[in-house]
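Worksheet: the structure to be examined is printed underneath.
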Amino acid sequence: DAKTTQPNSMESNEEEPVHLPCNHSTISGTDYIHWYRQLPSQGPEYVIHGLTSNVNNRMASLAIAEDRKSSTLILHRATLRDAAVYYCILRGYSGAGSYQLTFGKGTKLSVIP
Amino acid sequence: GAVVSQHPSWVICKSGTSVKIECRSLDFQATTMFWYRQFPKQSLMLMATSNEGSKATYEQGVEKDKFLINHASLTLSTLTVTSAHPEDSSFYICSAPPGDVNQPQHFGDGTRLSIL
């Protein structure tokens with residue numbers, strides 16, 4: 001899997017927007033950009049994913065650079081429940097059984113009340 | 001609602017005991033499931049890929065005789081930690097991928113294993 005680079009940690013004030021960056025300069029044309037988050041003592045939770053166009057869902061927005069070498073996860077109003085480790089993962093198909101996700105270190109988001 | 005159910009969520013046992021962890025896909029069939037291990041303050045590390053009806057594929061450095069994987073049906077995969085020791089204490093997480101790379105992968109809530 002192509003590699004991603006994220007800041008180790010970020011802080012945000014409650015009810016303010018958060019922009020979580022991710023660099024993926026070696027992304028291939030068929031790689032999807034997935035974001036998951038993990039709350040303490042829980043399994044990862046899907047947040048959002050995209051291929052080329054920006055995406056919105058009820059949890060977040062995903063802004064993808066035109067050259068696809070970077071992306072930004074946007075939480076529009078951070079809440080205390082959004083404090084988690086956020087993982088940016090590239091996911092592509094490379095043969096039978098090859099949908100596995102390779103987790104990097106992620107960004108630990110702290111939300112300040 | 002949860003689409004992957006993992007059980008138990010927490011187990012404490014004595015050294016030398018074997019522990020079985022179950023991972024079930026709910027409302028969908030999973031020919032492949034993944035098992036991850038996560039140590040405190042670290043990221044998830046893939047241990048093995050479980051394949052329905054065939055042998056599991058283990059990542060480098062993971063002892064297949066230590067971590068037995070059985071994927072006997074399209075909705076159930078089990079991980080058995082045999083003769084567990086304190087260094088096997090960790091957070092174990094299973095996941096089931098969709099059949100389409102454009103769909104999210106579903107994760108269980110994890111099993112906290114503590115070996116005394």
Side-chain angles (χ1 to χ4, degrees), chain A residues 1-9 22 27-53 55 57-60 62 73 84-108 110, chain B residues 1-7 9-10 21 23-24 30-60 71 77 90-114:
Chain A
D1 289 333
K3 208 172 175 182
T4 62
T5 305
Q6 298 177 253
N8 290 332
S9 62
C22 180
I27 190 170
S28 75
T30 56
D31 284 338
Y32 282 82
I33 302 161
H34 282 244
W35 283 82
Y36 289 76
R37 71 181 185 181
Q38 186 179 24
L39 279 66
S41 298
Q42 293 188 26
E45 173 189 27
Y46 168 77
V47 178
I48 200 167
H49 76 283
L51 184 62
T52 56
S53 304
V55 185
N57 66 20
R58 64 175 180 81
M59 288 181 71
L62 176 60
L73 178 70
V85 178
Y86 287 78
Y87 297 99
C88 167
I89 303 170
L90 301 183
R91 186 163 179 233
Y93 181 75
S94 57
S98 295
Y99 286 125
Q100 66 191 48
L101 297 175
T102 301
F103 286 79
K105 295 184 177 179
T107 297
K108 183 175 182 180
S110 301
Chain B
V3 292
V4 173
S5 175
Q6 191 172 339
H7 178 81
S9 56
W10 189 45
I21 303 170
C23 182
R24 294 181 184 273
T31 56
T32 300
M33 289 186 180
F34 300 117
W35 287 95
Y36 295 85
R37 180 168 54 183
Q38 186 176 32
F39 292 107
K41 299 191 185 300
Q42 295 187 24
S43 188
L44 283 77
M45 294 297 295
L46 180 67
M47 297 176 64
T49 302
S50 169
N51 303 300
E52 189 269 334
S54 64
K55 290 183 179 180
T57 304
Y58 291 82
E59 296 299 303
Q60 191 172 9
H71 195 148
S77 175
S90 189
F91 193 50
Y92 292 86
I93 305 166
C94 70
S95 76
D100 180 350
V101 72
N102 192 25
Q103 296 300 317
Q105 190 160 317
H106 307 295
F107 287 84
D109 286 335
T111 298
R112 176 74 59 192
L113 176 61
S114 296

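The figures here come from the full heavy-atom set of this structure, side chains too, leaving out hydrogens, waters and symmetry mates. Protein chains get the first letters and strands the later ones, always in sequence-line order, with residue 1 at the start of each.
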Report task. Provide the closest heavy-atom pair for B:Ser43 versus A:Lys105 in the form atom of the first, atom of the second, distance. Result -> CB-CA, 4.3 Å
Requested in this report: Could you tell me which non-hydrogen atom of A:Arg91 sits nearest to which non-hydrogen atom of B:Pro97, and how far apart they are?
Outcome: NH2-CB, 3.9 Å
Query raised in the report: To the nearest 0.5 Å, what is the distance between CG (A:Leu101) and OH (B:Tyr36)?
Result: 4.5 Å
Query - Point-to-point distance, once rounded to the nearest 0.5 Å, from NZ of B:Lys41 to NZ of A:Lys108 - result: 5.5 Å
Report task. Could you give me the CA-CA distance, side-chain angles and deciding distance for B:Leu46 and A:Phe103, then say whether side-chain contact (heavy atoms from CB on, under 4.5 Å) is met? Result -> CA-CA 8 Å; B:Leu46 180 67; A:Phe103 286 79; over 6 Å; no
Requested in this report: Give, as side chain, backbone, both or neither, the part of B:Ile93 having an atom under 4.5 angstrom from any heavy atom of chain A.
Outcome: side chain
Report summary line: Applying a strict 4.5 Å limit to non-hydrogen atoms, the region of B:Gln38 in contact with chain A is side chain
Query raised in the report: Is the number of heavy atoms from other residues, nucleotides or ligands under 6.0 Å of A:Met59 CE greater than 12?
Result: yes
**Report entry** Side chain, backbone, both or neither of A:Gln38 within contact of chain B (heavy atoms, under 4.5 Å)
**Finding:** side chain
Query raised in the report: Centres of the B:Phe107 and A:Tyr36 rings: under 6.0 Å?
Result: yes
